[in-house]
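If you're wondering where the values come from, they're calculated on a predicted model, not measured in any experiment.
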Amino acid sequence: MTAAYELLRSGFPYYMTLGQRRVTSNPVDIGFGKENVYILTRGGLGTEVRVINWEDENLGVRGGADLFQWPAGLLVDPVENLIVSDEAKHAVVTMDKDGNHLQTWGEHGSGPGQLNRPSGMSFDEDGNIVLTDTMNNRVHRFTREGEHLQTVGEGDLANPWGVTVDQSGDIYVADWKNDRVVKYGSEGEQLMIIGSSGSEKGQFLRPSSVAVDKHGDIYVSDWQNDRVQLFNKGGRYIQSFHGNATLSKSGQMYILANQVTLRLRAMGDVEKTQRLNAPMTVRVDDEFRLFITDFGNHRIQIYKKEAVELSEDMIAPPMRNPILFTT
């Protein structure tokens, strides 16, 4: 984490859109290389990793049915190996950035280190893989080669889906069926619970993913509520994102080449086209960009945080009953 005691939150404006239906159909996860963006898709037009760049150009496909059947999570390591969790095969597959198969590991079952429909993944601070063992209601830590190191949350979780590890080594789990996020310490001790069932601020309906930025801010993909919610490091609700999508570059080119599609868009409700539809995964990077895989709309929506880091001597102490005035 950074040393910021508190933040002056200036805003969280919309940044850009990537992808479109004909390329990034049904995106479930996203990862980043030095120049390229890797988007895991399943169902629809393909079950594969699609490669694009920041100019939204289609650079091809990696993986597919010969390597995985029903993928759920994607990680990209420093040399751009692509690591994919496969729910159907209860396994984790690694390929290089060109799509060549490197290894597959995982054993179906409910015993120590075994898997039943693994889904979300995150690297820890040592490069190990923290993985949600969804139907076994727990989270595992493995080496990159598949050696089991730790189990967390057993007896506490219900169909966990997304997971992330912050810079302090704490583990955050999107506890899907319990409609909450659970934070654990690196040794597996429960530290915090965020949320409950519902559609009000701070509530969830099947949260599918969680991410934490360098300030400790917590982002949760609230799947059935069609939104992403932001909480501070203490679990206090800050704001929600409902979608502000612009047309991606590739989407604009496609529409401009189709007269009927142009007419339909000219006649349509543009506001409706901006909204999130079943957002699956949230990721944040070191530039405080928030990436949302907008599954139902076949695209990636991206926001970028604007905030000023404050030291303790720059701000008044916490208040019992604060009221925010705009200036």
Problem set entry | Nearest heavy-atom neighbours spanning R50 and N58 | NH2-ND2, 3.1 Å
For this session: Not counting sequence neighbours, which residues clear salt bridge (charged side-chain N to carboxylate O under 4.0 Å, His left out) with D133? List them please.
Result: R138
Exercise. So, the side chain of S208 versus the backbone of M280: is there a donor-acceptor pair under 3.5 Å, distance only?
Worked result: yes
For this session: Would you kindly say whether D166 and Y172 are connected by a side-chain donor-acceptor distance under 3.5 Å?
Result: yes
Problem set entry | Under 3.5 Å side-chain donor-acceptor pair for D294 and N277 | no
For this session: Would you name the heavy atoms of P71 and V84 that are closest together and state the gap between them?
Result: CB-CG1, 3.5 Å
Problem set entry | For the student: nearest non-hydrogen atoms of G99 and L67, plus distance | O-CD1, 4.1 Å
For this session: Report yes if some heavy atom in the side chain of F123 is under 4.5 Å from a heavy atom in the side chain of V130; otherwise report no.
Result: no
Problem set entry | Six-ring centre of W176, R206 cation under 6.0 angstrom, axis tolerance 45° | yes
Exercise. Side chains of D313 and S311: donor-acceptor distance under 3.5 Å anywhere?
Worked result: yes
Exercise. Would a 4.5 Å heavy-atom cut-off, applied to side chains only, mark L115 and L131 as touching?
Worked result: yes
Exercise. Any side-chain donor-acceptor pair under 3.5 Å between N128 and R144?
Worked result: no
Exercise. Which residue pairs pass the salt bridge (charged side-chain N to carboxylate O under 4.0 Å, His left out) test when at least one of the two sits in residues 225-251, sequence neighbours left out?
Worked result: E55-K249, D222-R227
Problem set entry | H298 side chain reached by Q20 side chain, heavy atoms, under 4.5 Å | no
For this session: Mark yes or no for whether S240, through its side chain, and Q229, through its backbone, hold a donor-acceptor pair below 3.5 Å.
Result: no
Problem set entry | Side-chain heavy atoms of Y38 within contact of L82, under 4.5 Å | yes
Problem set entry | Under 3.5 Å: donor-acceptor pair, side chain of T17, backbone of T246 | yes
Problem set entry | For E87, all residues meeting salt bridge (charged side-chain N to carboxylate O under 4.0 Å, His left out), sequence neighbours excluded | R42, R117
Problem set entry | Distance, nearest 0.5 Å, that separates CZ of R9 from CG of L230 | 5.5 Å
For this session: State whether the side chain of Q301 and the backbone N or O of N244 hold a donor-acceptor pair below 3.5 Å, judged by distance alone.
Result: yes
Exercise. Hey, are D156 and Q190 close enough side-chain-wise for a donor-acceptor pair under 3.5 Å?
Worked result: yes
Problem set entry | Set of ring pair (Phe, Tyr, Trp, His ring centres under 6.0 Å) partners for H140, sequence neighbours left out | F142, H148
Exercise. Between Y14 and Y303, is the gap from one ring center to the other below 6.0 Å?
Worked result: yes
For this session: Without swapping roles, check the side chain of T132 against the backbone of W161 for a donor-acceptor pair under 3.5 Å.
Result: yes
Problem set entry | From CA spacing to verdict: side-chain contact (heavy atoms from CB on, under 4.5 Å), V212, D170 | CA-CA 10 Å; V212 179; D170 294 332; over 6 Å; no
Exercise. In this structure, are over 12 heavy atoms from other groups packed under 6.0 Å from E189 atom CD?
Worked result: yes
Problem set entry | Validation row: V220, I194 side chains within 4.5 angstrom (heavy atoms) | no
Exercise. Side chains of H215 and K305: donor-acceptor distance under 3.5 Å anywhere?
Worked result: yes
Seminar exercise, completed: Output for pair (D213 CG, R289 CZ), nearest 0.5 Å, gives 13.5 Å
For this session: Could you verify whether a donor N or O on one side chain and an acceptor N or O on the other, from T41 and S25, lie under 3.5 Å apart?
Result: no
Exercise. If every non-hydrogen atom of E309 is compared with every non-hydrogen atom of A4, which pair is closest and at what distance?
Worked result: CB-CB, 3.7 Å
Exercise. Cut-off 3.5 Å, side chains only: do Q69 and D86 have a donor facing an acceptor?
Worked result: no
Exercise. Mind checking what makes salt bridge (charged side-chain N to carboxylate O under 4.0 Å, His left out) contact with D56, not counting sequence neighbours?
Worked result: none
Problem set entry | Side-chain donor/acceptor of Q224 to backbone N/O of S199, under 3.5 Å | no
Problem set entry | Interatomic distance, S110 atom OG to E154 atom CD [nearest 0.5 angstrom] | 9.0 Å
For this session: Working to the nearest 0.5 Å, report the span between OG1 of T293 and CG of L18.
Result: 12.5 Å
Problem set entry | Selection residues 263-273 - residue pairs positive for salt bridge (charged side-chain N to carboxylate O under 4.0 Å, His left out), sequence neighbours left out | E271-R275
Problem set entry | Test salt bridge (charged side-chain N to carboxylate O under 4.0 Å, His left out) applied to E306 and K304, step by step | CA-CA 7 Å; E306 295 179 355; K304 187 172 183 178; over 6 Å; no
Problem set entry | Exercise: identify the closest heavy-atom pair between K214 and Q167 | CG-NE2, 3.8 Å
For this session: Would you name the heavy atoms of I218 and N232 that are closest together and state the gap between them?
Result: CD1-O, 3.5 Å
Problem set entry | is_close_aromatic(F291, F32), centroid dist under 6.0 Å | yes
For this session: Output yes when a side-chain donor or acceptor of D124 lies under 3.5 Å from a complementary backbone atom of D126, and no otherwise.
Result: yes
